[in-house]
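Written out below as structure tokens is the structure these notes cover.
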2 protein chains.
Amino acid sequence: MDTTQRTEQQRSADRRRRELLEAADRVVLRDGPGASMNAIAAEAGITKPILYRHFGDKGGLYAALAKRHTDALLEALRAALDAPAERRERVEATLDTYLAAIEARPQVYRFLMHPSEGGPQSDQGFDVGLHSAPLLRRMGEELSKVIEERVDLGPDSAQLARVWGHGIVGMMHAAGDWWLGERPCSRAELVRSLADLLWGRLAAAGDKVGGPSF
Amino acid sequence: MDTTQRTEQQRSADRRRRELLEAADRVVLRDGPGASMNAIAAEAGITKPILYRHFGDKGGLYAALAKRHTDALLEALRAALDAPAERRERVEATLDTYLAAIEARPQVYRFLMHPSEGGPQSDQGFDVGLHSAPLLRRMGEELSKVIEERVDLGPDSAQLARVWGHGIVGMMHAAGDWWLGERPCSRAELVRSLADLLWGRLAAAGDKVGGPSF
DNA sequence: CTCACATGTTACTTGCGGTAACAGTAGCCT
DNA sequence: AGGCTACTGTTACCGCAAGTAACATGTGAG
């Protein structure tokens with residue numbers, strides 16, 4: 001067969017693909033998630049149909065783009081999660097890693113999580129409806145695995161671990177999103193507060209007495 | 001003044017508005033969040049510009065639509081949250097209320113949370129990017145208030161309560177979203193697992209020994 | 001030289017959000 | 001009555017973005 005030739009051509013195609021993704025990245029980071037295919041093609045120095053030949057449709061481009069960032073973030077999280085340290089330390093390190101990532105590149109984060117919120121007249125963005133889930137889901141599954149591997153939860157551990165994995169990721173995500181918007185405290189404080197929550201401080205706290213009237 | 005006349009006209013306008021919202025509701029529930037303004041107008045028996053006169057733009061229609069459902073859900077949550085019962089009971093009741101709501105009307109839920117995921121060719125949906133936050137945010141703020149009112153957290157209670165409010169809501173949301181998709185267990189089990197997480201079972205559990213190799 | 005193939009283009013269709021300009025209708029004011 | 005305002009409704013259009021068809025061009029293999 002022509003495998004050797006194929007590989008050569010394939011390599012060139014892959015390089016092109018990577019270049020296109022980087023161009024897309026630049027545009028998305030500059031113009032927000034509302035970036036149009038035309039704009040991306042222009043940034044890459046080519047025209048639309050080529051993008052479509054490479055990625056099928058806009059969702060494909062988005063998926064490829066998201067996968068890059070998602071993979072990178074997941075790797076960082078895995079490192080923090082799998083470190084040989086006390087559980088609380090690991091939890092705090094993981095929370096901090098995530099928050100540091102979204103703090104450092106809020107544009108990327110918003111692109112991954114929140115679809116069209118670009119410019120004033122950009123009402124249609126990437127259809128992240130089906131794609132924003134994956135990041136959260138993948139993080140949830142990853143965390144679930146680690147929990148089940150390393151925490152002794154008795155019977156039903158598999159199910160419990162999955163519920164907790166997704167729940168904790170959701171907590172991290174929502175709190176991070178809110179924090180990124182309002183910046184009501186430092187990152188370290190946020191990490192500490194969330195870890196405290198996970199450590200049962202809600203259950204341990206007493207009822208408030210002398211509260212409002214009743 | 002012409003207040004009396006105005007009220008009469010206003011009433012008619014309000015009735016129309018409500019009718020339009022109900023039509024929009026039907027269409028969104030049927031066609032998913034990718035419903036077009038034309039489709040909504042047709043369902044209401046009128047044409048597009050009228051929708052725009054009433055709601056300004058698509059975001060306005062969405063916001064009005066979302067507000068109805070959000071208000072209803074928030075009211076139910078408030079009731080569970082403010083009940084005169086033990087804290088754990090209240091937490092479980094609130095979780096269950098939320099999960100029951102999204103279980104009963106997944107279409108509404110997906111519309112509120114996830115934008116365009118409609119039909120196969122519907123790539124642009126409502127720009128929920130800026131509107132899905134509100135529901136989560138409002139729930140988070142609501143919960144924050146209740147936490148601060150009723151739980152004794154010592155100094156920094158305000159900040160801590162807000163972090164926890166948003167975090168817990170995010171946990172509930174993410175776990176609910178995942179659960180709704182996979183249905184890995186009953187609602188009661190999910191509620192119990194999440195409450196256990198909030199009650200510090202993660203911190204209380206021991207390390208797993210004899211785990212994978214290390 | 002020519003065939004096959006990959007790369008690139010221009011020019012188009014479709015469909016949606018949003019708007020302008022026009023038409024009919026009900027009540028009030030003098 | 002007749003006209004003024006204000007609301008409801010329409011058709012017909014613009015702009016823009018996704019996605020596609022058809023055409024052009026370079027390049028290595030036989």
Side-chain angles (χ1 to χ4, degrees), chain A residues 1-17 19-20 23-24 27-28 31-63 115-116 118-128, chain B residues 1-20 23-24 27-28 31-42 44-63 115-116 118-130:
Chain A
M1 286 298 174
D2 42 9
T3 46
T4 53
Q5 304 162 17
R6 268 279 164 81
T7 34
E8 193 173 348
Q9 293 180 348
Q10 222 169 5
R11 257 188 211 179
S12 145
D14 278 8
R15 271 215 341 252
R16 232 9 141 232
R17 186 189 167 93
E19 287 172 15
L20 298 186
V27 175
V28 165
D31 297 356
S36 78
M37 293 298 264
N38 258 325
I40 293 173
E43 169 73 26
I46 51 155
T47 50
K48 254 194 311 180
I50 301 184
L51 282 181
Y52 283 95
R53 282 226 259 271
H54 274 275
F55 300 104
D57 63 352
K58 192 166 191 172
L61 205 186
Y62 173 85
S116 44
Q121 51 94 345
S122 99
D123 36 54
Q124 67 223 7
F126 283 89
D127 60 339
V128 187
Chain B
M1 290 290 186
D2 43 9
T3 47
T4 54
Q5 306 162 18
R6 269 279 162 81
T7 34
E8 194 173 347
Q9 292 180 347
Q10 223 169 4
R11 256 187 210 181
S12 146
D14 278 7
R15 270 210 347 249
R16 220 32 126 224
R17 187 189 167 92
R18 217 166 290 165
E19 287 172 15
L20 297 186
V27 175
V28 165
D31 297 354
S36 78
M37 293 298 262
N38 258 325
I40 294 173
I46 50 152
T47 50
K48 255 195 309 179
I50 300 184
L51 282 183
Y52 284 94
R53 280 227 257 274
H54 275 275
F55 300 104
D57 63 353
K58 193 165 189 172
L61 204 185
Y62 172 85
S116 44
Q121 51 93 345
S122 99
D123 38 55
Q124 69 224 3
F126 284 87
D127 59 340
V128 188
L130 293 171

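Numbers restart at 1 for each chain; the letters A, B, ... are given by sequence-line order, proteins then strands.
Distances from the side chain of A:K58 to the nucleotides D:dA18, D:dG9, C:dG8 place D:dA18 closest.
Put simply, CE on A:M37 is 13 Å from C1' on D:dT20, counting in whole angstrom units. Spacing between atom OH of B:Y62 and atom P of C:dG17 amounts to 15 Å, rounded to whole angstrom units. Rounded to whole Å, atom C1' of C:dT7 lies 12 Å from atom CG of A:L20. Atom OH of B:Y52 is separated from atom C1' of D:dT11 by 16 Å (rounded to the nearest Å). In this structure, CD1 of B:I40 is placed 12 Å from C1' of C:dC16, rounded to the nearest angstrom. With rounding to whole Å, B:R15 atom CZ is found 16 Å from D:dC7 atom P. Taking atom CG of residue A:L61 and atom C1' of nucleotide D:dA17, one finds them 14 Å apart after rounding to whole Å. The CG atom of A:L51 sits 12 Å away from the C1' atom of C:dG8 (whole-angstrom rounding).
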If you restrict it to nitrogen or oxygen atoms, what contacts under 3.5 Å exist between nucleotides 10-14 of chain C and the protein, and what is each distance?
none

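Nucleic acid contact class of B:I46 (heavy atoms, under 4.0 Å, all strands): sugar-phosphate only.
The side-chain contact (heavy atoms from CB on, under 4.5 Å) check on A:R53 picks up nothing, with sequence neighbours excluded. Residues passing the salt bridge (Lys or Arg N to Asp or Glu O under 4.0 Å) test with B:R17, sequence neighbours excluded: none.
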Listing, residues 36-52 of chain A side-chain donor-acceptor contacts under 3.5 Å, not counting sequence neighbours, or none:
from  : atom 1 : to    : atom 2 : distance (Å)
A:S36 : OG     : A:N38 : N      : 3.4
A:S36 : OG     : A:A39 : N      : 3.1
A:E43 : OE1    : A:R30 : NH2    : 2.9
A:E43 : OE2    : A:R26 : NE     : 2.7
A:E43 : OE2    : A:R26 : NH2    : 3.3

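Taking only side-chain nitrogens and oxygens, A:R53 never comes nearer than 4.0 Å to OP1 or OP2 of D:dT20.
With the end axes of the helix from C:dC1-D:dG30 to C:dT30-D:dA1 each set by five pairs, the angle from one to the other reads 30° at 10° resolution.
Nearest heavy-atom pair across A:L61 and A:F55 is N-CB, 3.6 Å.
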